[in-house]
Amino acid sequence: MKKVLIATWYLGNNYGTVLQAYSLKRFLEKEEFQVFMQYPHGKETHSYHDYVATFMNKLIFRLNTKKSLRKKSDNSHKEEIEQQREKFEEFFTDVYKGKHFSITTGEKTKKAKEQIDVFISGGDQIWNPYFLNRHMLFDYVDNDKKVISFGTSIGVKKIPLYYKKFYRVMLSKYHFIGVREESSRIELEKITQKKVSKVVDPTLLVGIEEWNEDIKKYSRINLDNLEHDYILCYFVGDRDYWDYVKAMQLETGYKVYILPITQSMQEYRKDYEYIIDTSPLDFLHLIKNAKIVCTDSYHATVFATRFMKEIYVLKRFSNKSKKSQNGRLYEYLKTIGRLDIIVNDENVFHRNINDKINNAEEYLESITNQSKELLLKELKEDYE
């Protein structure tokens, strides 16, 4: 049985991030691979040093750290936040117990290189230059090991000039590069001069019936405590969407529930009810049973469309921003033929009561099967 090591974000409290990692692991184990997760991210074990990239990496890390420290959760929900953290910890323990490969020292990275057959950079924006961690590119792995990526994203349209050499060197060892967005494919192909393939987000590797089975097995949230007809709002950005939410509530008459990323919340709205004590599978359960989903999240959009929900997608970023991540939403919605559910004017709520997504799986089946074939081909071929 081949041993596979996945490098991706899989901890924390972002539901989409957690579920994309879980999906890739779940799919590979179903295909009878022995799967491990790279944890934690080590220090001073780099096999390659680009001094300009290193300097910028440290500078950007400091700026992002300062920004995150300025965002503090409302202390009035301290108990619920701790309960949510415990729900995530329970999920991580159930899914990843005994499945970690630590790379904190040179000795431990040596052990990983000796025992792992294939190294996979997994999904999500783990190659985003504004949140870069070298170990997501397996900087400690030698060229004699098989290294691939699947569903990875750079998140932005362009990689800054000072990082291009670093990406070119790091990706030179990759036997196969599969990215989530067309924009990532074009940019990385230009930089590396290698073939880069577009593949699906890892959450699509798990069929909708399999997700339903997982919800029944793992979700513990009691929906009897909620209004039958409700709007579920899940926002990962920090823009002010509340006028639009209010207009939606007034027109529909539905109860609004907010599912927050608790650690990034600056304040809680007293006019809405928050659902905080939730696991990743509770997140899916809430989406599946919502009357309407309103979100700026890529993964919430993916799951809501697959569960055939009435959905309104808000823009997390300005399209003009260099750091805009809207492209991934546009590409996904274009794939299922539903670019129309993106809200372009947040000053007005226009509802299409019969406009549920009813055929996303049909659009996704072919490209998902192609991506599975590409991934399994790379995993089953021996590295020469």
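Note that the coordinates shown come from a computational prediction; the quantities given were computed from them, not determined experimentally. Heavy atoms only: backbone and side chains are in, while hydrogens, waters and symmetry mates are out.
Listed by chain and residue number, Lys198 satisfy the side chain to side chain donor-acceptor pair (under 3.5 Å) test with Glu331 (two or more places apart in sequence, or in another chain). Thr17 pairs by the side chain to side chain contact (heavy atoms under 4.5 Å, CB included) definition with Trp9, Asn14, Gln20, Asp124, not counting sequence neighbours. Looking at residues two or more places apart in sequence or on another chain, you find a side chain to side chain contact (heavy atoms under 4.5 Å, CB included) between Tyr218 and Tyr22, Asp214, Leu281. Tyr15 pairs by the side chain to side chain donor-acceptor pair (under 3.5 Å) definition with Gln84, Thr278, not counting sequence neighbours. Taking Lys3 as the reference, Gln34, Phe36, Gln115, Ile116, Asp117 meet the side chain to side chain contact (heavy atoms under 4.5 Å, CB included) condition, with sequence neighbours excluded. Qualifying salt bridge (charged side-chain N to carboxylate O under 4.0 Å, His left out) partners for Lys377, counting only residues two or more places apart in sequence or in other chains: Glu381. Evaluation of the side chain to side chain donor-acceptor pair (under 3.5 Å) rule for Asp229 yields no partner, not counting sequence neighbours. Applying the side chain to side chain contact (heavy atoms under 4.5 Å, CB included) criterion to Glu31, with sequence neighbours excluded, gives Phe27, Phe33, Leu376, Lys380. Listed by chain and residue number, nothing satisfies the side chain to side chain donor-acceptor pair (under 3.5 Å) test with Lys164 (two or more places apart in sequence, or in another chain).
Annotation: cation-pi pair Arg338/Tyr332 absent, no NZ/CZ under 6.0 Å from the ring centroid and within 45° of its normal.
Thr295 places no side-chain N or O within 3.5 Å of a backbone atom of Val313 that could act as its donor or acceptor partner. When atom types are taken as modelled, the side chain of Trp127 and the backbone of Leu132 share no donor-acceptor pair closer than 3.5 angstrom. Under the 3.5 Å distance criterion, the side-chain polar atoms of Glu346 are left unmatched by any main-chain donor or acceptor of Leu314.
A heavy-atom distance below 4.5 Å is found between the side chains of Tyr257 and Leu226. The side-chain heavy atoms of Tyr39 and Ser102, taken from C-beta on, include no pair separated by under 4.5 Å.
If you check the side chains of His299 and Asp201, you find a donor sitting under 3.5 Å from an acceptor. Judged by distance alone, the side chains of Tyr140 and Gln38 do bring a donor and an acceptor atom under 3.5 Å apart.
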Query raised in the report: When you look at Ile342 and Lys315, which way does the side-chain contact (heavy atoms from CB on, under 4.5 Å) test go after all the steps?
Result: CA-CA 7 Å; Ile342 295 177; Lys315 296 178 184 179; 3.7 Å; yes
Query raised in the report: Does the salt bridge (Lys or Arg N to Asp or Glu O under 4.0 Å) test come out yes or no for Glu189 and Arg185, once each step is laid out?
Result: CA-CA 6 Å; Glu189 214 167 64; Arg185 187 194 70 78; 3.0 Å; yes
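The aromatic rings of Phe349 and Tyr244 sit perpendicular, their planes meeting at an angle over 60°, well past the 30° parallel limit.
Under the salt bridge (charged side-chain N to carboxylate O under 4.0 Å, His left out) criterion, no residue pair touches residues 294-304, with sequence neighbours excluded. Screening residues 244-256 for salt bridge (charged side-chain N to carboxylate O under 4.0 Å, His left out), with sequence neighbours left out, gives Lys255-Glu273. Within the structure, side chain to side chain donor-acceptor pair (under 3.5 Å) contacts touching residues 86-96 (residues at least two apart or in different chains) are Lys87-Asp277.
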